[in-house]
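A short write-up of the structure that comes next.
Lettering follows sequence order; numbering is per chain, from 1.
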2 protein chains.
Amino acid sequence: MPEPEIRELRYFRAVAEDLNITRAAERLGIAQPPLSRAMRQLEHRLGVDLFDRSGPRLGLTAAGETLLKESGPVLDALDSAVRRTQRAGQSSGGLVVTAKPGVATEVLHRIVTELQGELPGVQVVVSGFGEQADMVRDGRADVALVSRPFDDHGLETELLYTEPRVAALPARHELAAREVLAADDLAGIPAPRWSRADVAERNYWSARPDDPVDGPIVQDSSQLLEVVAFGQAVALVPQSMAERNIRPDVVYRPVADVEPYQMLVVWPAGSRSADLAKFVEVAVRRSGGP
Amino acid sequence: MPEPEIRELRYFRAVAEDLNITRAAERLGIAQPPLSRAMRQLEHRLGVDLFDRSGPRLGLTAAGETLLKESGPVLDALDSAVRRTQRAGQSSGGLVVTAKPGVATEVLHRIVTELQGELPGVQVVVSGFGEQADMVRDGRADVALVSRPFDDHGLETELLYTEPRVAALPARHELAAREVLAADDLAGIPAPRWSRADVAERNYWSARPDDPVDGPIVQDSSQLLEVVAFGQAVALVPQSMAERNIRPDVVYRPVADVEPYQMLVVWPAGSRSADLAKFVEVAVRRSGGP
DNA sequence: TTCCGGCATACCTCCAGGGTATGGCGGACC
DNA sequence: GGTCCGCCATACCCTGGAGGTATGCCGGAA
């Protein structure tokens, strides 16, 4: 009896989000009366009131708030299951691996080269910054190389390597005069933020509200160094990236007490395919350095 | 378009489990032809073949295997969302906390006593062994006291306290002559297993195949000591339990290199209600000892 | 060959999800 | 206070699809 259908959950989320059945209905592409009825039916199925219709404006009851929070994981799990199933049916064999541009792609290249032959059909997808973990979670990729911090919900990880991070400063910056910095020296100075192409469509911001504040938005490492050279920001970058990007208008200084850069390989929790195990094994073995 | 409904997932799981549409249909309480059609429709919706109908016996394709694995989390998440929503709607206010009988209930009693007044309506549910984590996951309880090892998928935890574990031996056992034991001494000796009332209905065993092997099945600590006294098994028990159960036919011996007994408070990942926070805070504070 | 277990096809029924039209109701504005 | 408007609920119709029965098709075993 209490078996809400997926459609009802999607409808409920739309209504609960803007607390207006009429607008939610047109967003969903259906008429208002069926949506109104669907919500009453959902309440009846669950045996609890979800909406508070007493006030002038539609409100959520405690049960409604709960369902709003809980419906997200359900719909995400479903989407993920569908994607993984479709991928398993189409590209028979072969892993999809993703990584952000920059440091990770070099490691990835070495891994893929080694896997040629043993593991046919490894497909590499270069993805946006911060998107890797989501791609693994929702089934668009089988495995990813990521750097901390990232959201590890539903993922298993293996550490590949760590590397010191250094501060990238404009050459004429006052801190450039010092040989070594402390993390506190950078407090209050704007840090660049990686752009994420899909931020507009999906509500990342509500899920992860603790992203770094202010600072210009950059899309790759050369853009990052550009804004540093312009004096718009100071960035913490992995040492190997500093070594590969020597330029006269940017200087690098070690920072004493900052967390090192960590590169990890991540995959969906519970996933145990032979191809995946092979990939992780080679990744760990071939990551003696950046 | 690719929007499988919950019913289809449940149907699919039933079919995939016994690989026989006719029997699955009667298990589901429907006729065979609709089920057959539903499976074809599901395949069409997802755009992949789920079943291998070529052989004499029905088989699963790689995509089918994937969907079978992935459908579990989806259905669990849905059930959990429904339960939590219903609980939020009915018992307005109040936590449901669960713990296994024995050591935990004493700690729980102290916590609940302290919370009288500040937190009205704390409801304690004593549950079967090993069931606590599942109850929190699927929404039957808000918070639980558990001891390691337990399945922490989808849960957040806080360590309450640790306590050494000692071996409970029959008084006439040869190892009783020694003052202190090593973990290796117990290798190969049967250990008691906690019974779990709901094992029959839900397939716990497949989910957690690494439970201790052999040994008699017990339901509470007095039964446990009984089978120890009878010489049927040797058990590792928390020290405080040993101190409260002095009997002539059982002796307790420290074990050098065994993991200590750990008691934790666990709650659903992401749950942040004020009542829950209060409970966890008091639990941590009031757990100075067993 | 003859069963028989097991899946697919054909066809029917009926409910529920979606549509339109309209009523009720409270707030805002004149 | 009257009027209008935004918004939800109710009434009614229509159609797609989920579930039922009857039956055909096919491969394996006796």
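The residue B:Phe51 sits apart from the nucleic acid: no heavy atom pair falls under 4.0 Å. In this structure, B:Gln41 reaches the sugar-phosphate backbone alone: every heavy-atom distance under 4.0 Å involves primed, P, OP1 or OP2 atoms, never a base. Using a 4.0 Å heavy-atom cutoff across all strands shown, A:Arg53 reaches sugar-phosphate atoms only and no base atom.
Rounding to whole angstrom units, CZ of residue A:Arg37 and P of C:dT20 are separated by 13 Å. Put simply, CG on B:Leu35 is 10 Å from P on C:dA8, counting in whole angstrom units. The distance from atom OH of B:Tyr11 to atom C1' of D:dA18 is 8 Å, rounded to the nearest whole Å. Remark: P of C:dC7 and CD1 of B:Ile30 are 13 Å apart, rounded to the nearest angstrom. D:dC7 atom C1' lies 16 Å from atom CE of A:Met39, rounded to whole Å. Look at CZ on B:Arg10: it is 14 Å from P on D:dG19, rounded to the nearest Å. Put simply, CG on A:Leu9 is 13 Å from P on C:dG17, counting in whole angstrom units. Rounding to whole angstrom units, CG of residue B:Leu42 and P of D:dG17 are separated by 15 Å.
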| field | Verdict with supporting geometry, B:Val96 and B:Thr98, side chain to side chain contact (heavy atoms under 4.5 Å, CB included) | value | CA-CA 7 Å; B:Val96 172; B:Thr98 187; 5.7 Å; no

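With distances taken from any side-chain atom of A:Pro34 to the nucleotides C:dG19, D:dA9, D:dG20, the minimum falls on C:dG19. In this structure, the nucleotide among C:dT20, D:dG19, C:dC7 sitting nearest to the side chain of B:Leu58 is C:dC7. For A:Pro33, taking side-chain heavy atoms from C-beta onward, the closest of the listed nucleotides D:dC8, D:dT21, C:dA21 is C:dA21. The side chain of A:Arg45 has C:dG17 as its nearest neighbour among C:dA21, C:dG17, C:dG6.
A distance-only check finds a donor-acceptor pair linking the side chain of B:Gln86 to the backbone of A:Leu46 [under 3.5 Å]. Checked by atom type and distance alone, the side chain of A:Glu70 never pairs as donor or acceptor with a backbone atom of B:Ser80 at under 3.5 Å.
A close approach under 4.0 Å does occur between a side-chain nitrogen or oxygen of B:Arg40 and OP1 or OP2 of C:dA8. The phosphate of C:dC7 (OP1 or OP2) has a side-chain N or O of B:Thr22 nearer than 4.0 angstrom. Between A:Asn20 and D:dG6, a side-chain N or O to OP1/OP2 separation shorter than 4.0 Å is absent.
Shown here for B:Ala88 and A:Ala63, the closest heavy-atom pair between the two residues is CB-CA, 3.8 Å. Nearest approach of B:Tyr11 to B:Ala38, heavy atoms of both residues: CD2-CB, 4.2 Å. Scanning all heavy atoms of the two residues, the minimum distance from A:Asp142 to A:Arg87 falls at OD2-NH2, 2.6 Å. The heavy-atom pair separating B:Leu58 from B:Asn20 by the smallest distance is CD2-N, 4.4 Å. The two residues B:Asp151 and B:Ala133 have their closest heavy-atom pair at O-CB, 3.7 Å.
Between the side chain of A:Arg7 and the base of C:dG17 there is no donor-acceptor pair of N/O atoms closer than 3.5 Å.
Where B:Ile21 and A:Gln32 meet DNA chain C, the nucleotide closest to each residue was compared, and B:Ile21 sits on the side nearer the 5' end.
Comparing the start and finish of the helix from C:dT1-D:dA30 to C:dC30-D:dG1, five pairs each, the helix axis swings through 20°, to the nearest 10 degrees.
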